[in-house]
Amino acid sequence: MTDLAATSLLDRARLDRDRVRKEITRGLEGADDGELFLEYSQTEALAFDNGRLKQATYDTAQGFGLRAVKDDAVGYAHSSDLSLPALIRAADAVAAVRGGYRGSLATAPQHTNVRLYGDDNPLDAPGFEAKVKLLAEIDAYVRDKDPRVRQVSVSLGATWQVIEILRPDGDSYRDIRPLVRVNISVVAGSGDRQESGSKGYGGREGYARFIETKAWRDAADGALREAIVNLDSVPAPAGEMDVVLGPGWPGVMLHEAVGHGLEGDFNRKRTSAFAGLMGQQVAAKGVTVVDDGTISARRGSLSIDDEGTPTNRTVLIEDGILVGYMQDRQNARLMNMKPTGNGRRQSYAHVPMPRMTNTYMLAGGRDPAEILASVKNGIYAANFGGGQVDITSGKYVFQCTEAYKIENGKLGAPLKGAMLIGNGPTDLHRISMIGNDLALDDGIGTCGKQGQGVPVGVGQPTLRMDRITVGGTGG
């Protein structure tokens, strides 16, 4: 893999750089912006289920995408055939977006020497047999912990991606991106009742840190604990009540209900509930939300985005005031703003668009125990599963996978079937207490937008939100 890490994708494909540059220039002549995006990636996934190896896949992919941008129009052509004839055809195709316009190409992104992760390929080590043995060991560990365990599913996944970006003005950019994720799911049962729990973790590095015994045992114990807790759960009440959100992964609600609404394209097109509110109070005082792609080795971090722009720590909401959007190059230019390093794409076959990296709310000054004690009758949401959000209206629905009743300031019975229902922009004003225990998630997030999925991070401290609608099956 050292050769791949050190060798340009153009050289690997035996492409003449001058000819490639000529075709990029021809395809983008007169366009406002654009680039040739080259990618080579290796991906593996191993899944161990019901005591046996159920899946083992390995895939390599390579290709290019050529993009020409003129005003709000985009011409895009991509191919898995990394050859000069394919590039010539792509240049012919994207040239149609120019429409006779003759402008000057946008200034290239600044270069950076920042490296947020290493070049190591997680697919190299440990070997296949060692990975299978590890999966079996985790499976056996969980089953031996509690006789109520009925099913264990363990998976390992890794990607090693090399990207290069070439512009017609001669600038070029390169990044090598490792990504690893471990996931453990447990089903526990008692009589006719079964409940599940899960725990995952990962980041932009090799497997070494994640497959240490303590790391996977902590995750296995967490998944089992959640399943056992849910075995004792009672139907969740329904109605309007105060809600306390736990730190870390519950920030996924912030990501969905608020984060997408602060992406540049939705605001330029005025389809976001936050459109036109720059400089206005959009959340309770004390609420500060940032998107930060510069945190070392985090799942959502990138040294550069998929347009070559260095990622940033972008403040979106500061003390309740809307102060920024996440921008790619095209929407930033059209909105007369600066790119923020949020131009992301799933692969060479996809156009970049404004996307989140690691999005989280900053800590406040309250002790989490004080926040819990302040609630007389409500719900504590410790973990979330799936959710749905309407970007235009801000309405959301989130399923709690681990939640508890709060009675007179203390945790009560675990709840089953609790859903939080509300409106992101409205409910930002209902945050009344912010904890001092900011935590980021463990490295499991994948964000979907317009058919593209990219790895992301979320986070928040403990929060109290007043008068939130809770959907449940209990009285």
_With side chain to side chain contact (heavy atoms under 4.5 Å, CB included) as the criterion, how do R177 and I163 come out once you've worked through the C-alpha distance, each side chain's angles and the decisive distance to 0.1 Å?_
CA-CA 8 Å; R177 302 167 175 174; I163 67 118; 3.7 Å; yes
*Identify the two heavy atoms, one from M356 and one from R344, that lie closest to each other, and give their separation to 0.1 Å.*
O-NH1, 2.8 Å
*Walk me through it: do T357 and D291 pass the test side chain to side chain donor-acceptor pair (under 3.5 Å)?*
CA-CA 6 Å; T357 56; D291 182 84; 2.7 Å; yes
_E307 and R345 ion-paired at < 4.0 Å_ = no
_Using modelled atom types and a 3.5 Å cut-off, is there a donor and acceptor pairing between side-chain atoms of Q346 and backbone atoms of G453?_
yes
_Donor-acceptor under 3.5 Å (D139 side chain, L135 main chain)_ = no
*Yes or no on salt bridge (charged side-chain N to carboxylate O under 4.0 Å, His left out) for D72 and K269, after CA distance, side-chain angles and deciding distance?*
CA-CA 10 Å; D72 61 352; K269 298 172 185 176; over 6 Å; no
_D59 versus T43, side-chain donor and acceptor atoms under 3.5 Å_ = no
*asked:* The test is salt bridge (charged side-chain N to carboxylate O under 4.0 Å, His left out); show your working for E263 and R268 and say whether it passes.
replied: CA-CA 9 Å; E263 292 168 338; R268 178 176 66 81; over 6 Å; no
*Under the 3.5 angstrom rule, does the side chain of N230 hit a backbone N or O of S196 as a donor-acceptor pair?*
yes
*asked:* Side chains of Y141 and D221: any donor to acceptor distance under 3.5 Å?
replied: yes
*For side chain to side chain donor-acceptor pair (under 3.5 Å), just list the numbers for N183 and S155, CA-CA rounded to whole Å, side-chain angles, deciding distance to a tenth of an Å, and then say yes or no.*
CA-CA 5 Å; N183 199 77; S155 63; 4.8 Å; no
_Side-chain donor or acceptor of R355 paired with backbone N/O of C447 under 3.5 Å_ = yes
*Could you verify whether a donor N or O on one side chain and an acceptor N or O on the other, from D81 and S83, lie under 3.5 Å apart?*
yes
_Using side chain to side chain donor-acceptor pair (under 3.5 Å), reason through E226 and N383 one step at a time and then give a plain yes or no._
CA-CA 9 Å; E226 185 177 294; N383 218 337; 3.0 Å; yes
*Expected output: side-chain N312 to main-chain P310 donor-acceptor under 3.5 Å*: yes
*asked:* So, using ring-ring contact (aromatic ring centres under 6.0 Å, His included) as the criterion, who are the partners of F64 when residues are at least two apart?
replied: none
_Between K22 and E29, does any NZ, NE, NH1 or NH2 come within less than 4.0 Å of an OD or OE carboxylate oxygen?_
no
*asked:* Taking D292's backbone N and O only, do any of them form a donor-acceptor pair with N358's side chain (distance below 3.5 Å, no angle check)?
replied: yes
*Is atom NZ of K395 surrounded by more than 12 heavy atoms (other residues, nucleotides or ligands) closer than 6.0 Å?*
no
*Mind listing the closest non-hydrogen atom pair of A381 and P250 along with its distance?*
O-CG, 4.1 Å
_Sequence-distant partners of R313, salt bridge (Lys or Arg N to Asp or Glu O under 4.0 Å), two or more places apart_ = none
_N50 to R143 - nearest heavy-atom pair and separation_ = CA-NH2, 3.5 Å
_Give me the atom names and distance for the closest heavy-atom approach of W249 to I444._
CZ3-CG1, 3.7 Å
*Is D218 paired with K199 through a side-chain N to carboxylate O contact shorter than 4.0 Å?*
no
_Show me the pairs that pass side-chain hydrogen bond (donor to acceptor under 3.5 Å, both in side chains) and involve residues 126-138, at least two apart or across chains._
E44-K131
*Are there more than 12 heavy atoms of other residues, nucleotides or ligands under 6.0 Å from atom CD of Q388?*
no
_Strictly distance-based, threshold 3.5 Å: is any side-chain N or O of Q460 a donor or acceptor partner for the main-chain N or O of L438?_
no
*asked:* For R329 and E35: C-alpha separation, side-chain torsions, deciding distance, then whether salt bridge (charged side-chain N to carboxylate O under 4.0 Å, His left out) applies.
replied: CA-CA 11 Å; R329 288 174 59 83; E35 72 285 310; 5.7 Å; no
*Examine the side chains of T311 and D305 and answer whether a donor and an acceptor come within less than 3.5 Å of each other.*
no
_Pair W216 + Y201: ring centers closer than 6.0 Å_ = no
_Checking D49 against S153: is there a side-chain donor and acceptor pair closer than 3.5 Å?_
yes
*Got a second to check how far R21's CZ is from L87's CG, nearest 0.5 Å?*
11.0 Å
*Donor-acceptor pair between R150 and Q194 side chains, under 3.5 angstrom*: yes
*Is the charged tip of R12 near the ring of Y40: under 6.0 Å from the six-membered ring centre and within 45° of its axis?*
yes
*S272 side chain to F266 main-chain N or O, any donor-acceptor pair under 3.5 Å?*
no
*What residue among T60, N121, T159 forms side chain to side chain donor-acceptor pair (under 3.5 Å) with Q42?*
N121
*asked:* With no hydrogens and no angle check, just 3.5 Å: does a side-chain donor-acceptor pair link H350 and D306?
replied: no
*For Q161 and E39, test the side chains for any donor-to-acceptor distance below 3.5 angstrom and give the result as yes or no.*
yes
*asked:* Quick check with a 6.0 Å cut-off and a 45 degree axis cone: is R204 positioned over the face of Y117's six-membered ring?
replied: yes
*Can N113 and R115 be counted as having a side-chain donor-acceptor contact under 3.5 angstrom?*
no
_Y360 side chain to D441 backbone, donor-acceptor under 3.5 Å_ = no
*Using only heavy-atom distances, determine whether the side chains of D265 and Q330 contain a donor-acceptor pair under 3.5 Å.*
no
*Is there a side-chain contact between L179 and P455, using heavy atoms and a 4.5 Å cut-off?*
yes
*asked:* Before you tell me yes or no, could you show the steps for S8 and R17 under side chain to side chain donor-acceptor pair (under 3.5 Å), namely the whole-Å CA-CA distance, both residues' side-chain angles and the distance that decides it to 0.1 Å?
replied: CA-CA 11 Å; S8 166; R17 288 179 174 272; 2.8 Å; yes
*asked:* If you apply the rule side chain to side chain contact (heavy atoms under 4.5 Å, CB included), what do you find for V258 with V289, and how did you get there?
replied: CA-CA 10 Å; V258 177; V289 179; 5.5 Å; no
_Looking at R270, is its backbone amide N or carbonyl O close enough to the side chain of N267 to form a donor-acceptor pair, meaning the two atoms are under 3.5 Å apart?_
no
